[in-house]
Amino acid sequence: MNRTITLRIEGMSCEACVRHVTEALKRLEGVERAEVSLQNKSAQVVYAPDRVHLQQLLKAVEEEGYEAFADDPSLGGKEEHTNGSQ
């Protein structure tokens with residue numbers, strides 16, 4: 001069963017940034033849809049959690065040069081963040 005999560009993304013400043021983030025997420029096997037909003041500084045991602053994990057989503061965004069955060073209920077309501085150095 002697919003899951004939808006909203007990622008908060010910091011560092012985007014233009015439509016090219018939106019395109020980079022969208023493409024990075026869609027390249028991941030298991031991501032069905034990624035809708036990135038410059039105005040909201042976020043990405044709504046529909047993905048198959050048995051094929052791709054939250055950390056992979058965050059890492060894909062951060063490899064493009066942006067910071068990614070997720071408020072994931074499965075983490076007990078804690079915010080998940082990776083800075084690419086892990």
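Starting from 1, each residue takes its place in the sequence as its number. Hydrogens, waters and symmetry mates are skipped; everything else that's a heavy atom, side chains included, is used.
- Contact annotation: the side chain of Leu7 never approaches that of Val36 to less than 4.5 Å [non-hydrogen atoms, C-beta and beyond].
- With values rounded to the nearest 0.5 angstrom, Lys41 atom NZ is found 5.5 Å from Glu10 atom CD.
- One finds no salt bridge joining Arg27 and Glu63 here, because no Lys/Arg side-chain nitrogen approaches an Asp/Glu carboxylate oxygen to under 4.0 Å.
- Side-chain contact between Lys59 and Glu62 is absent, with no heavy atoms from C-beta onward closer than 4.5 Å.
- In terms of heavy atoms, Ala60 sits closest to Ala24 at O-CB, 3.7 Å.
- Heavy atoms only, all atoms of each residue included: Thr22 and Ala34 are closest at CG2-O, 3.8 Å.
- Residues Ser37 and Met12 come closest through the heavy atom pair O-CE, 3.5 Å.
- The shortest non-hydrogen separation linking Tyr66 to His20 is OH-ND1, 3.7 Å.
- Checked by atom type and distance alone, the side chain of Gln56 pairs as donor or acceptor with a backbone atom of His53 at under 3.5 Å.
- Here the closest non-hydrogen pair linking Leu57 and Leu25 is O-CD2, 3.8 Å.
- For the side chain to side chain contact (heavy atoms under 4.5 Å, CB included) with Asn2, the qualifying choice from Val46, Val31, Val45 is Val46, the only one to do so.
- Every residue meeting the salt bridge (charged side-chain N to carboxylate O under 4.0 Å, His left out) condition with Glu35, not counting sequence neighbours, appears here in chain and number order: Arg33.
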